[in-house]
Amino acid sequence: MARSDEAAAFFAAVYSAVQEIPYGKVTSYGHIAKLVGTPQRPRQVGLCLKHLSQDTDSHFNHDNVPWQRVINSKGIISPRSQPSGAQNQAATLQAEGVVVSTGSLGELMVDFSVYGWFPRTLPSETGQSEEGDED
DNA sequence: AACGTGACGAGTA
DNA sequence: ATACTCGCCACGT
């Protein structure tokens, strides 16, 4: 199996995993990376979404893969080269009921109530005395 | 073909 | 608590 094939398989696995994120929920790149069996490549997960096809004719495309539901482990919409992209992602999330707030530095923070799909410690748990391990 | 970049995250200092 | 470094590897130049 050539490396390019493995890469294609990786892309497909990532897209497939992202499709499993419930409507109105979000998760992290790291979680997706773990799900597809490559926990050390969260960055490549972002790359996959970046190169997600816009052609609705493709098997995986910008329309059937909820790319907007993937954010970084800090609970923030990853800022990228083109600011409008993050804004676009925030708008798309808000359109499905996700609450996004803007910090002083323009960081787009996602409300924790949608972290039902989140795997690990929440970004804002900030070591509260209470474990916060409700339910 | 080589080099730098980047939608990240964990480990160190 | 924050700042910096390293690993990862596909993509654009």
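The sequence lines fix the lettering, A, B, ..., with proteins before strands; numbering per chain opens at 1. Bear in mind the structure is a predicted one, so any value in this text is a computation, not a measurement. FYI, side chains are in, hydrogens and waters are out, and symmetry mates aren't considered; it's all heavy atoms of this structure.
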Phosphate oxygens OP1/OP2 of B:dA7: is one of them under 4.0 Å from a side-chain N or O of A:Ser81? yes

For A:Ser78 and B:dC8, is the shortest distance between a side-chain N/O and OP1 or OP2 below 4.0 Å? yes

Hey, does A:Pro79 reach any base, or is it just sugar-phosphate, or nothing, if we go heavy atoms under 4.0 Å? sugar-phosphate

Write out all pairs satisfying ring pair (Phe, Tyr, Trp, His ring centres under 6.0 Å) with one or both partners inside [range], taking only residues at least two apart or from two chains.
range: residues 67-105 of chain A; result: A:His62-A:Trp67
range: residues 75-94 of chain A; result: none
range: residues 89-109 of chain A; result: none

Distances for protein N/O vs nucleotides 2-5 of chain C N/O pairs under 3.5 angstrom?
none

Between CG on residue A:Asp57 and CG on residue A:Asp63, distance to nearest 0.5 Å: 12.0 Å

Rounded to the nearest 0.5 Å, the CD1 atom of A:Ile77 sits from the CD atom of A:Gln89 at a distance of 4.5 Å

What residues form a salt bridge (charged side-chain N to carboxylate O under 4.0 Å, His left out) with A:Glu96, not counting sequence neighbours? A:Arg69

DNA chain C contacts among residues 42-55 of chain A, heavy-atom distance under 4.0 Å: A:Arg43, A:Gln44, A:Leu47, A:His51

Listed by chain and number, what are the side chain to side chain donor-acceptor pair (under 3.5 Å) partners of A:Gln87, not counting sequence neighbours? none

[X] [atom1] to [N] [atom2]: how many Å, rounded?
X: A:Gln82; N: B:dA7; atom1: CD; atom2: P; result: 11 Å
X: A:Lys74; N: B:dA7; atom1: NZ; atom2: C1'; result: 12 Å
X: A:Tyr29; N: B:dC8; atom1: OH; atom2: P; result: 6 Å
X: A:His31; N: B:dG9; atom1: NE2; atom2: P; result: 12 Å
X: A:Phe11; N: C:dC9; atom1: CZ; atom2: P; result: 13 Å
X: A:Phe10; N: C:dC9; atom1: CZ; atom2: P; result: 9 Å

Among the nucleotides B:dA7, B:dG9, C:dA10, whichever has the atom closest to the side chain of A:Ser28 is B:dG9

Run the ring-ring contact (aromatic ring centres under 6.0 Å, His included) test against A:Phe60 and tell me which residues pass, sequence neighbours left out. A:Tyr15

Set of residues satisfying side-chain contact (heavy atoms from CB on, under 4.5 Å) with respect to A:Ala13, sequence neighbours excluded: A:Val36

All pairs passing side chain to side chain donor-acceptor pair (under 3.5 Å) where residues 36-56 of chain A contributes a residue, at least two apart: A:Ser53-A:Ser58

What interatomic distance, in whole Å, is found between C1' of B:dA7 and the corresponding atom of C:dA3? 22 Å

Would you tabulate the nitrogen or oxygen pairs shorter than 3.5 Å linking the protein to nucleotides 11-13 of chain B?
none

